[in-house]
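Everything on this sheet refers to the single structure shown next.
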Amino acid sequence: MWTLLQIELYKIFRRPRTYIAFAAITSLICIVQLGLKVDGKEYADFVMADLKNSFSIDGNTINGYFVCYILLQLLLVHVPLLIALIAADMISGEANAGTLRFLLTKPISRFDFIIAKFLAATIYTLALLVWLAALALFLSMLIFGTDDMLLLKNNYVVQLQHDDIFWRYIGAFGFAALAMTTVAALGFLLSQFAENSIGPIVATMSVIIFFTILSTMSIPLFNTIKPFLFTTHMVAWKEFFDIKVDDSNATIKGSIEHPERIIRSLTVLGIHIVLFVGASLYVFKKKDVLS
(Lines give C-alpha, C1' and ligand atoms only; values in the text may rest on other atoms or scores of the structure.)
Protein backbone atom coordinates (compact mmCIF):
# COMPACT_ATOMS: atom_id res chain seq x y z
CA MET A 1 0.00 0.00 0.00
CA TRP A 2 2.78 2.45 0.93
CA THR A 3 4.60 1.77 -2.34
CA LEU A 4 1.38 2.30 -4.29
CA LEU A 5 0.76 5.58 -2.47
CA GLN A 6 4.28 6.79 -3.25
CA ILE A 7 3.79 5.97 -6.92
CA GLU A 8 0.47 7.81 -7.08
CA LEU A 9 1.90 10.88 -5.35
CA TYR A 10 4.81 10.88 -7.75
CA LYS A 11 2.42 10.76 -10.71
CA ILE A 12 0.35 13.64 -9.30
CA PHE A 13 3.22 15.99 -8.47
CA ARG A 14 5.27 15.35 -11.60
CA ARG A 15 2.50 16.73 -13.83
CA PRO A 16 2.74 20.47 -14.55
CA ARG A 17 -1.04 20.96 -14.32
CA THR A 18 -0.94 19.91 -10.67
CA TYR A 19 0.68 23.24 -9.89
CA ILE A 20 -2.02 25.27 -11.64
CA ALA A 21 -4.03 25.22 -8.42
CA PHE A 22 -1.08 26.41 -6.33
CA ALA A 23 -0.30 29.17 -8.84
CA ALA A 24 -3.95 30.26 -8.99
CA ILE A 25 -4.27 30.44 -5.21
CA THR A 26 -0.98 32.33 -4.92
CA SER A 27 -2.01 34.86 -7.55
CA LEU A 28 -5.48 35.49 -6.09
CA ILE A 29 -4.21 35.87 -2.53
CA CYS A 30 -1.39 38.21 -3.51
CA ILE A 31 -3.76 40.37 -5.59
CA VAL A 32 -6.23 40.70 -2.69
CA GLN A 33 -3.43 41.41 -0.21
CA LEU A 34 -1.94 44.05 -2.50
CA GLY A 35 -5.31 45.72 -2.95
CA LEU A 36 -6.00 45.79 0.79
CA LYS A 37 -2.48 47.02 1.51
CA VAL A 38 -2.90 49.93 -0.90
CA ASP A 39 -6.58 50.77 -0.29
CA GLY A 40 -7.28 48.98 2.98
CA LYS A 41 -8.24 52.13 4.86
CA GLU A 42 -10.86 53.11 2.27
CA TYR A 43 -12.22 49.57 2.27
CA ALA A 44 -12.47 49.55 6.06
CA ASP A 45 -14.22 52.93 6.09
CA PHE A 46 -16.75 51.65 3.55
CA VAL A 47 -17.44 48.39 5.38
CA MET A 48 -17.58 49.97 8.83
CA ALA A 49 -19.45 53.14 7.78
CA ASP A 50 -22.71 52.29 9.54
CA LEU A 51 -20.92 50.87 12.56
CA LYS A 52 -18.80 53.99 13.08
CA ASN A 53 -21.97 56.04 13.42
CA SER A 54 -22.76 54.14 16.62
CA PHE A 55 -19.35 53.10 17.98
CA SER A 56 -15.83 54.41 18.23
CA ILE A 57 -13.46 51.94 16.59
CA ASP A 58 -9.79 51.99 17.55
CA GLY A 59 -6.96 49.77 16.41
CA ASN A 60 -5.92 48.14 13.17
CA THR A 61 -9.19 47.04 11.54
CA ILE A 62 -7.52 45.66 8.42
CA ASN A 63 -5.19 43.21 10.12
CA GLY A 64 -3.95 39.76 9.18
CA TYR A 65 -6.80 37.93 10.89
CA PHE A 66 -9.46 39.98 9.12
CA VAL A 67 -7.72 39.66 5.74
CA CYS A 68 -7.55 35.88 6.16
CA TYR A 69 -11.28 35.75 6.86
CA ILE A 70 -11.98 37.69 3.66
CA LEU A 71 -9.72 35.38 1.67
CA LEU A 72 -11.38 32.26 3.03
CA GLN A 73 -14.81 33.55 2.05
CA LEU A 74 -13.54 34.27 -1.46
CA LEU A 75 -11.41 31.19 -2.10
CA LEU A 76 -13.18 28.28 -0.41
CA VAL A 77 -15.96 28.70 -2.98
CA HIS A 78 -13.51 28.16 -5.85
CA VAL A 79 -11.06 25.64 -4.36
CA PRO A 80 -13.38 22.68 -5.20
CA LEU A 81 -12.77 23.33 -8.90
CA LEU A 82 -9.02 23.14 -8.35
CA ILE A 83 -9.40 19.91 -6.38
CA ALA A 84 -11.64 18.40 -9.07
CA LEU A 85 -8.87 18.93 -11.64
CA ILE A 86 -6.88 16.20 -9.89
CA ALA A 87 -9.39 14.04 -8.01
CA ALA A 88 -11.68 13.57 -11.03
CA ASP A 89 -8.68 12.49 -13.09
CA MET A 90 -7.39 9.73 -10.83
CA ILE A 91 -9.12 6.83 -12.60
CA SER A 92 -10.35 8.39 -15.84
CA GLY A 93 -6.85 9.70 -16.54
CA GLU A 94 -5.43 6.18 -16.37
CA ALA A 95 -8.19 4.92 -18.67
CA ASN A 96 -7.53 7.74 -21.14
CA ALA A 97 -3.81 6.99 -21.16
CA GLY A 98 -4.50 3.27 -21.68
CA THR A 99 -2.62 2.26 -18.53
CA LEU A 100 -5.51 1.22 -16.27
CA ARG A 101 -5.77 -2.33 -17.56
CA PHE A 102 -2.00 -2.72 -17.48
CA LEU A 103 -1.82 -1.57 -13.84
CA LEU A 104 -4.42 -4.13 -12.80
CA THR A 105 -2.31 -6.96 -14.22
CA LYS A 106 0.12 -6.31 -11.38
CA PRO A 107 -0.16 -8.39 -8.17
CA ILE A 108 -2.21 -5.78 -6.30
CA SER A 109 -5.82 -5.93 -5.19
CA ARG A 110 -8.40 -3.55 -6.54
CA PHE A 111 -9.11 -2.48 -2.97
CA ASP A 112 -5.49 -1.41 -2.40
CA PHE A 113 -5.42 0.27 -5.79
CA ILE A 114 -8.50 2.40 -5.09
CA ILE A 115 -7.50 3.30 -1.53
CA ALA A 116 -4.00 4.34 -2.66
CA LYS A 117 -5.52 6.50 -5.41
CA PHE A 118 -7.94 8.17 -3.01
CA LEU A 119 -5.28 8.75 -0.34
CA ALA A 120 -3.06 10.39 -2.96
CA ALA A 121 -5.92 12.71 -3.98
CA THR A 122 -6.54 13.49 -0.30
CA ILE A 123 -2.88 14.33 0.33
CA TYR A 124 -2.94 16.67 -2.68
CA THR A 125 -6.07 18.33 -1.23
CA LEU A 126 -4.42 18.77 2.16
CA ALA A 127 -1.25 20.16 0.56
CA LEU A 128 -3.36 22.71 -1.27
CA LEU A 129 -5.04 23.80 1.98
CA VAL A 130 -1.71 24.01 3.81
CA TRP A 131 -0.47 26.30 1.05
CA LEU A 132 -3.67 28.33 1.32
CA ALA A 133 -3.21 28.65 5.09
CA ALA A 134 0.43 29.68 4.73
CA LEU A 135 -0.44 32.51 2.36
CA ALA A 136 -3.88 33.59 3.60
CA LEU A 137 -3.11 33.47 7.32
CA PHE A 138 0.61 33.60 8.02
CA LEU A 139 1.59 35.88 5.14
CA SER A 140 -1.34 38.19 5.97
CA MET A 141 -0.23 38.31 9.62
CA LEU A 142 3.27 39.21 8.45
CA ILE A 143 2.06 41.96 6.10
CA PHE A 144 -0.83 43.45 8.08
CA GLY A 145 0.03 42.52 11.67
CA THR A 146 -2.52 41.29 14.20
CA ASP A 147 -5.23 42.94 16.26
CA ASP A 148 -8.80 42.32 17.39
CA MET A 149 -11.14 41.24 14.61
CA LEU A 150 -14.56 42.72 13.86
CA LEU A 151 -16.96 40.64 11.80
CA LEU A 152 -20.22 42.06 10.51
CA LYS A 153 -23.01 39.50 10.53
CA ASN A 154 -26.55 39.98 9.22
CA ASN A 155 -27.92 41.74 12.30
CA TYR A 156 -25.06 41.87 14.78
CA VAL A 157 -21.33 42.45 15.12
CA VAL A 158 -18.80 39.97 16.46
CA GLN A 159 -15.62 41.24 18.11
CA LEU A 160 -12.89 38.71 18.74
CA GLN A 161 -9.86 39.57 20.85
CA HIS A 162 -6.52 39.09 19.12
CA ASP A 163 -5.42 36.34 21.53
CA ASP A 164 -8.66 34.42 20.97
CA ILE A 165 -8.46 34.08 17.20
CA PHE A 166 -5.56 31.88 16.10
CA TRP A 167 -7.01 28.65 17.47
CA ARG A 168 -10.24 29.41 15.63
CA TYR A 169 -8.35 29.45 12.34
CA ILE A 170 -6.79 26.10 13.19
CA GLY A 171 -10.30 24.73 13.64
CA ALA A 172 -11.57 26.46 10.49
CA PHE A 173 -8.78 25.09 8.30
CA GLY A 174 -9.20 21.64 9.83
CA PHE A 175 -12.90 21.78 9.02
CA ALA A 176 -12.14 23.02 5.49
CA ALA A 177 -9.81 20.05 5.02
CA LEU A 178 -12.69 17.64 5.66
CA ALA A 179 -15.03 19.65 3.42
CA MET A 180 -12.54 19.67 0.55
CA THR A 181 -11.84 15.95 1.06
CA THR A 182 -15.57 15.41 0.49
CA VAL A 183 -15.21 17.20 -2.85
CA ALA A 184 -12.19 15.03 -3.67
CA ALA A 185 -14.17 11.89 -2.81
CA LEU A 186 -17.02 12.99 -5.09
CA GLY A 187 -14.67 13.72 -7.99
CA PHE A 188 -12.90 10.42 -7.38
CA LEU A 189 -16.21 8.53 -7.54
CA LEU A 190 -17.27 10.23 -10.78
CA SER A 191 -13.89 9.47 -12.36
CA GLN A 192 -14.93 5.79 -12.40
CA PHE A 193 -17.54 6.41 -15.08
CA ALA A 194 -15.51 8.00 -17.87
CA GLU A 195 -12.42 7.40 -19.96
CA ASN A 196 -11.39 11.06 -20.13
CA SER A 197 -10.98 13.68 -17.43
CA ILE A 198 -13.22 16.41 -18.81
CA GLY A 199 -16.48 14.62 -18.08
CA PRO A 200 -15.81 13.86 -14.39
CA ILE A 201 -14.39 17.34 -13.75
CA VAL A 202 -17.44 19.04 -15.29
CA ALA A 203 -19.78 16.61 -13.54
CA THR A 204 -18.17 17.24 -10.15
CA MET A 205 -18.55 20.99 -10.46
CA SER A 206 -22.09 20.63 -11.82
CA VAL A 207 -23.11 18.56 -8.79
CA ILE A 208 -21.55 21.08 -6.40
CA ILE A 209 -23.21 24.04 -8.13
CA PHE A 210 -26.58 22.28 -8.26
CA PHE A 211 -26.46 21.27 -4.59
CA THR A 212 -25.22 24.73 -3.58
CA ILE A 213 -28.22 26.33 -5.28
CA LEU A 214 -30.55 23.95 -3.45
CA SER A 215 -28.74 24.72 -0.18
CA THR A 216 -29.21 28.47 -0.52
CA MET A 217 -32.79 28.60 -1.82
CA SER A 218 -35.35 29.30 0.90
CA ILE A 219 -38.12 27.16 -0.53
CA PRO A 220 -40.09 24.84 1.81
CA LEU A 221 -39.84 21.96 -0.67
CA PHE A 222 -36.03 22.04 -0.47
CA ASN A 223 -35.77 22.68 3.28
CA THR A 224 -36.34 18.99 3.99
CA ILE A 225 -33.33 17.90 1.94
CA LYS A 226 -30.93 20.72 2.82
CA PRO A 227 -29.60 19.04 6.00
CA PHE A 228 -28.56 16.01 3.93
CA LEU A 229 -26.62 17.91 1.25
CA PHE A 230 -22.88 18.12 1.86
CA THR A 231 -22.80 21.60 0.31
CA THR A 232 -25.05 22.85 3.11
CA HIS A 233 -22.34 22.00 5.62
CA MET A 234 -19.24 23.12 3.72
CA VAL A 235 -19.54 26.70 5.01
CA ALA A 236 -19.86 25.68 8.66
CA TRP A 237 -16.22 26.73 9.24
CA LYS A 238 -17.68 30.19 9.95
CA GLU A 239 -19.19 28.80 13.17
CA PHE A 240 -15.71 28.94 14.71
CA PHE A 241 -15.96 32.74 14.61
CA ASP A 242 -19.28 33.08 16.43
CA ILE A 243 -18.76 33.59 20.15
CA LYS A 244 -21.09 33.19 23.12
CA VAL A 245 -22.15 36.13 25.28
CA ASP A 246 -23.18 36.17 28.94
CA ASP A 247 -26.28 37.72 30.49
CA SER A 248 -24.69 41.18 30.36
CA ASN A 249 -23.99 40.73 26.62
CA ALA A 250 -20.23 40.47 27.20
CA THR A 251 -18.37 37.96 25.02
CA ILE A 252 -17.10 34.74 26.64
CA LYS A 253 -13.49 34.29 25.58
CA GLY A 254 -12.62 30.90 24.11
CA SER A 255 -16.23 29.95 23.39
CA ILE A 256 -18.14 28.98 20.26
CA GLU A 257 -21.81 29.90 20.11
CA HIS A 258 -23.04 26.76 18.37
CA PRO A 259 -20.46 23.93 18.62
CA GLU A 260 -23.22 21.39 17.93
CA ARG A 261 -23.55 22.79 14.41
CA ILE A 262 -19.87 22.12 13.76
CA ILE A 263 -20.19 18.57 15.08
CA ARG A 264 -23.29 17.94 12.98
CA SER A 265 -21.61 19.28 9.84
CA LEU A 266 -18.46 17.23 10.46
CA THR A 267 -20.62 14.13 10.84
CA VAL A 268 -22.53 14.75 7.60
CA LEU A 269 -19.32 15.42 5.67
CA GLY A 270 -17.68 12.31 7.13
CA ILE A 271 -20.67 10.18 6.12
CA HIS A 272 -20.50 11.54 2.58
CA ILE A 273 -16.80 10.68 2.33
CA VAL A 274 -17.46 7.11 3.48
CA LEU A 275 -20.36 6.77 1.03
CA PHE A 276 -18.42 8.21 -1.92
CA VAL A 277 -15.32 6.10 -1.28
CA GLY A 278 -17.42 3.02 -0.54
CA ALA A 279 -19.30 3.50 -3.81
CA SER A 280 -15.98 3.92 -5.63
CA LEU A 281 -14.76 0.60 -4.25
CA TYR A 282 -17.99 -1.17 -5.18
CA VAL A 283 -18.09 0.22 -8.73
CA PHE A 284 -14.43 -0.48 -9.40
CA LYS A 285 -14.59 -4.05 -8.10
CA LYS A 286 -17.52 -4.74 -10.44
CA LYS A 287 -16.01 -2.84 -13.35
CA ASP A 288 -14.87 -4.64 -16.46
CA VAL A 289 -11.67 -2.76 -17.26
CA LEU A 290 -11.00 -2.65 -20.98
CA SER A 291 -8.89 0.51 -21.20
Side-chain angles (χ1 to χ4, degrees), residues 25 65-84 87 121-122 125-126 128-133 136-137 140 149-160 164-189 204-205 207-220 222-245 251-277:
I25 286 176
Y65 291 138
F66 182 73
V67 172
C68 182
Y69 192 88
I70 294 174
L71 289 168
L72 285 184
Q73 290 192 99
L74 291 173
L75 292 178
L76 287 183
V77 177
H78 305 290
V79 168
L81 172 60
L82 303 176
I83 292 172
T122 301
T125 300
L126 297 178
L128 198 61
L129 284 173
V130 168
W131 183 247
L132 174 61
L137 180 57
S140 294
M149 184 166 67
L150 288 176
L151 298 177
L152 303 181
K153 303 292 183 175
N154 290 334
N155 53 5
Y156 61 95
V157 178
V158 176
Q159 179 179 2
L160 298 172
D164 188 33
I165 299 175
F166 188 79
W167 70 271
R168 298 179 187 274
Y169 275 114
I170 294 176
F173 278 107
F175 184 94
L178 190 68
M180 294 303 108
T181 300
T182 308
V183 174
L186 172 63
F188 186 73
L189 170 61
T204 301
M205 291 310 304
V207 169
I208 293 174
I209 292 171
F210 179 71
F211 283 177
T212 300
I213 292 173
L214 293 183
S215 300
T216 55
M217 292 180 69
S218 298
I219 298 177
F222 299 147
N223 289 339
T224 56
I225 64 173
K226 282 183 182 181
F228 304 101
L229 301 177
F230 69 91
T231 50
T232 303
H233 301 274
M234 288 177 63
V235 295
W237 62 270
K238 295 181 181 180
E239 296 290 342
F240 283 97
F241 299 92
D242 271 341
I243 190 170
K244 289 182 178 180
V245 296
T251 56
I252 302 174
K253 187 177 179 179
S255 66
I256 297 175
E257 186 174 10
H258 296 292
E260 73 281 356
R261 294 181 182 176
I262 297 175
I263 295 172
R264 181 170 63 247
S265 294
L266 288 172
T267 302
V268 172
L269 292 173
I271 291 173
H272 274 85
I273 292 173
V274 172
L275 290 176
F276 289 151
V277 176

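Quick caveat, the model's predicted, so the values are computed rather than measured. Residue numbers count from 1 along this sequence.
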Where do K238 and L72 land on the side chain to side chain contact (heavy atoms under 4.5 Å, CB included) test, with the steps shown first?
-> CA-CA 10 Å; K238 295 181 181 180; L72 285 184; over 6 Å; no
Residue pair L269, F175: steps toward the side chain to side chain contact (heavy atoms under 4.5 Å, CB included) verdict | CA-CA 10 Å; L269 292 173; F175 184 94; 3.8 Å; yes
Could you walk me through whether F173 and W237 pass the side chain to side chain contact (heavy atoms under 4.5 Å, CB included) check?
-> CA-CA 8 Å; F173 278 107; W237 62 270; over 6 Å; no
Before giving the answer on side chain to side chain contact (heavy atoms under 4.5 Å, CB included), spell out for I208 and F230 the whole-Å C-alpha distance, their side-chain angles and the decisive distance to 0.1 Å.
-> CA-CA 9 Å; I208 293 174; F230 69 91; 4.2 Å; yes
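Between I262 and H258 the shortest side-chain heavy-atom distance does not fall below 4.5 Å. Side-chain contact between E239 and S265: absent, with no pair of heavy atoms (C-beta onward) separated by less than 4.5 Å.
Here the closest non-hydrogen pair linking I256 and P259 is O-CD, 3.2 Å. Shortest non-hydrogen contact noted between A136 and C68 is O-CB, 3.3 Å. When every heavy atom of A177 is checked against every heavy atom of L129, the shortest pair comes out as CA-CD1, 3.1 Å. Considering all non-hydrogen atoms of both residues, G270 and L178 come closest at N-CD2, 4.3 Å. In terms of heavy-atom proximity, F166 sits nearest to L137 at CE1-CD2, 3.9 Å. In terms of heavy-atom proximity, Q73 sits nearest to V77 at O-CG2, 3.6 Å.
Rounded to the nearest 0.5 Å, atoms CE (M149) and CG (D164) are 9.5 Å apart. How far CG of D242 is from CZ of R168: 9.0 Å, rounded to the nearest 0.5 Å. The OG1 atom of T204 sits 11.0 Å away from atom CD1 of I209, with the distance rounded to the nearest 0.5 Å. Once rounded to the nearest 0.5 Å, the distance linking CZ of F66 with CD1 of I165 reads 11.5 Å. Here the straight-line distance linking atom CE of M180 with atom OG1 of T182 works out to 8.0 Å at 0.5 Å rounding. Here the OG1-CD1 distance, from T122 to I273, works out to 7.5 Å after rounding to the nearest 0.5 Å.
Counting only distance, with no hydrogens or angles, the side chain of T231 and the backbone of F211 share a donor-acceptor pair below 3.5 Å. Between the side chain of H233 and the main chain of L266, no donor-acceptor pair closer than 3.5 Å is present. T232 places a side-chain N or O within donor-acceptor distance of the main-chain N or O of K226, the cut-off being under 3.5 Å. Between the side chain of S255 and the main chain of K244, a donor-acceptor pair closer than 3.5 Å is present.
With ring centers used as reference points, F241 lies under 6.0 Å from Y169.
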